[in-house]
Amino acid sequence: MSFLIDQMQRPDWDEVREIYLQGIAGGQATFETEAPSWESWDSSHLAMARLVAREDGRLIGWAALSPVSLRRAYAGVAETSVYVTQDRRAAGVGRQLLAALISESERNQISTLQAVMFPENEASVALHRACGFREVGRRERIGKLDGEWRDTILFERRSRQVGVD
């Protein structure tokens, strides 16, 4: 499979949203039960490092960063989101998106990336471990999804280039 990773643009939103909805429907990607509006999504994600994967002009995945906190002390910390369309999962799209997201984060002085996921999301757990993230904790019964308590695992990746002083 050959695909291109480039910067997300506003006109990509409908396809980004559709892939996000696929993740929501699977029940293993997020606590969210509906996709936000463009305005809400845009305001909750960093302007840099919004990436999409395209194959033959079709969007097949996306990745972006959200601030962990608005406090100045956490300016170099961001949370990852990586979503791949159902028909391209396990094809290396997520890995290339996450690798590109790491590179973009470092170019923009992000020293620490974190990722939060359900432990049952084995593909995402494996992807993040393969890209240098380490498990730092488990939050038990942190939230309910469809009336069931769910745990999450917190992963982090520290840059070896940014914030090493």
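Heads up: numbering here begins at 1 and tracks the sequence.
Clustering ILVMFWY residues whenever any of their side-chain heavy atoms sit less than 4.5 angstrom apart, transitively, puts L101 in a cluster other than the one holding V162. I5 and I110 fall within a single hydrophobic cluster, where Ile, Leu, Val, Met, Phe, Trp and Tyr are joined by side-chain heavy atoms under 4.5 Å apart, directly or via other members. When the side chains of ILVMFWY residues are joined at heavy-atom separations under 4.5 Å, either directly or via intervening members, L98 and V68 end up in two distinct hydrophobic clusters. No continuous path of hydrophobic side-chain contacts links L21 to I60 [ILVMFWY only; heavy atoms under 4.5 Å].
The line from CG of L154 to CZ of R139 is 6.5 Å long, rounded to the nearest 0.5 Å. Once rounded to the nearest 0.5 Å, the distance linking CD of Q22 with CZ of R17 reads 12.0 Å.
What you find for Y83 and T30 is that their closest heavy atoms are OH-CB, 3.6 Å. Summarising the geometry of G61 relative to I19, their closest heavy-atom pair is N-CD1, 3.6 Å, with the distance given to 0.1 Å. Y20 approaches A35 most closely through the heavy-atom pair CD2-CB, 3.8 Å. Of all the heavy atoms in F31 and F118, the pair that sits closest is CZ-CE2, 3.5 Å. Contact between S44 and P67 at its shortest, heavy atoms only, is O-CD, 3.6 Å. A pairwise comparison of heavy atoms in W41 and A64 identifies CZ2-CB, 3.7 Å as the closest pair.
Looking only at side-chain heavy atoms (C-beta outward), V16 and M8 come within less than 4.5 Å of each other. Looking at L127 and F133, their side chains never come closer than 4.5 Å, going by heavy atoms from C-beta outward. Looking at heavy atoms from C-beta onward, R129 lies in side-chain contact with E135 at the 4.5 angstrom threshold.
Hydrophobic cluster membership of L70, counting Ile, Leu, Val, Met, Phe, Trp and Tyr whose side-chain heavy atoms lie under 4.5 Å apart directly or via other members: none, as it forms a cluster of its own.
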Under 3.5 Å, side-chain donor or acceptor atoms of residues 47-54 against the rest of the protein: list the pairs with distances, not counting sequence neighbours.
from: R50; atom 1: NE; to: L46; atom 2: O; distance (Å): 2.7
from: R50; atom 1: NH1; to: D42; atom 2: OD1; distance (Å): 2.6
from: R50; atom 1: NH2; to: D42; atom 2: O; distance (Å): 2.9
from: R50; atom 1: NH2; to: D42; atom 2: OD1; distance (Å): 3.0
from: R50; atom 1: NH2; to: H45; atom 2: O; distance (Å): 2.9
from: R54; atom 1: NE; to: D6; atom 2: OD1; distance (Å): 3.2
from: R54; atom 1: NE; to: D6; atom 2: OD2; distance (Å): 3.3
from: R54; atom 1: NH1; to: D12; atom 2: OD1; distance (Å): 3.1
from: R54; atom 1: NH2; to: D12; atom 2: OD1; distance (Å): 3.1
from: R54; atom 1: NH2; to: D12; atom 2: OD2; distance (Å): 2.9

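Residues meeting the salt bridge (charged side-chain N to carboxylate O under 4.0 Å, His left out) test with E18, sequence neighbours left out: none. Residues passing the salt bridge (charged side-chain N to carboxylate O under 4.0 Å, His left out) test with E106 are R157, sequence neighbours excluded. With sequence neighbours left out, R150 forms a side-chain hydrogen bond (donor to acceptor under 3.5 Å, both in side chains) with Q28, E120. Checked against side chain to side chain contact (heavy atoms under 4.5 Å, CB included), T33 has the following partners two or more places apart in sequence or in another chain: L145. Partners of P119 by side chain to side chain contact (heavy atoms under 4.5 Å, CB included), not counting sequence neighbours, listed by chain and number: R138, D151, I153. Every residue two or more places apart in sequence or in another chain that forms a salt bridge (charged side-chain N to carboxylate O under 4.0 Å, His left out) with E104 is listed here: R107. The ring pair (Phe, Tyr, Trp, His ring centres under 6.0 Å) search around F155 returns none, not counting sequence neighbours. Not a single ring pair (Phe, Tyr, Trp, His ring centres under 6.0 Å) links Y74 to another residue, sequence neighbours left out.
Side-chain atoms of Q114 and T80 include no donor-acceptor pair closer than 3.5 Å.
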Take E156 and R158, measure what salt bridge (charged side-chain N to carboxylate O under 4.0 Å, His left out) needs, and give me the verdict at the end.
CA-CA 7 Å; E156 77 171 15; R158 300 278 178 138; 3.2 Å; yes

Between L65 and S105, is the side chain to side chain contact (heavy atoms under 4.5 Å, CB included) condition met? List the steps.
CA-CA 8 Å; L65 296 176; S105 71; 3.8 Å; yes

Check the pair I102, C131 against side chain to side chain contact (heavy atoms under 4.5 Å, CB included), reporting the backbone distance first and the verdict last.
CA-CA 9 Å; I102 291 167; C131 288; 4.0 Å; yes

Would W62 and S81 satisfy side chain to side chain contact (heavy atoms under 4.5 Å, CB included), going step by step from the backbone distance to the final call?
CA-CA 8 Å; W62 63 270; S81 293; 3.9 Å; yes

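Between the T85 side chain and the R88 main chain, no donor and acceptor come within less than 3.5 Å of each other. Panel note: side chain S124, backbone N121; no donor-acceptor pair is recorded below 3.5 Å.
The salt bridge (Lys or Arg N to Asp or Glu O under 4.0 Å) analysis of residues 56-82, with sequence neighbours excluded, yields the pairs R58-D87. For residues 31-40, the set of pairs meeting the salt bridge (Lys or Arg N to Asp or Glu O under 4.0 Å) definition, not counting sequence neighbours, is empty.
No more than 12 heavy atoms of other residues, nucleotides or ligands lie within 6.0 Å of CZ in R95, so this atom counts as exposed by the packing criterion.
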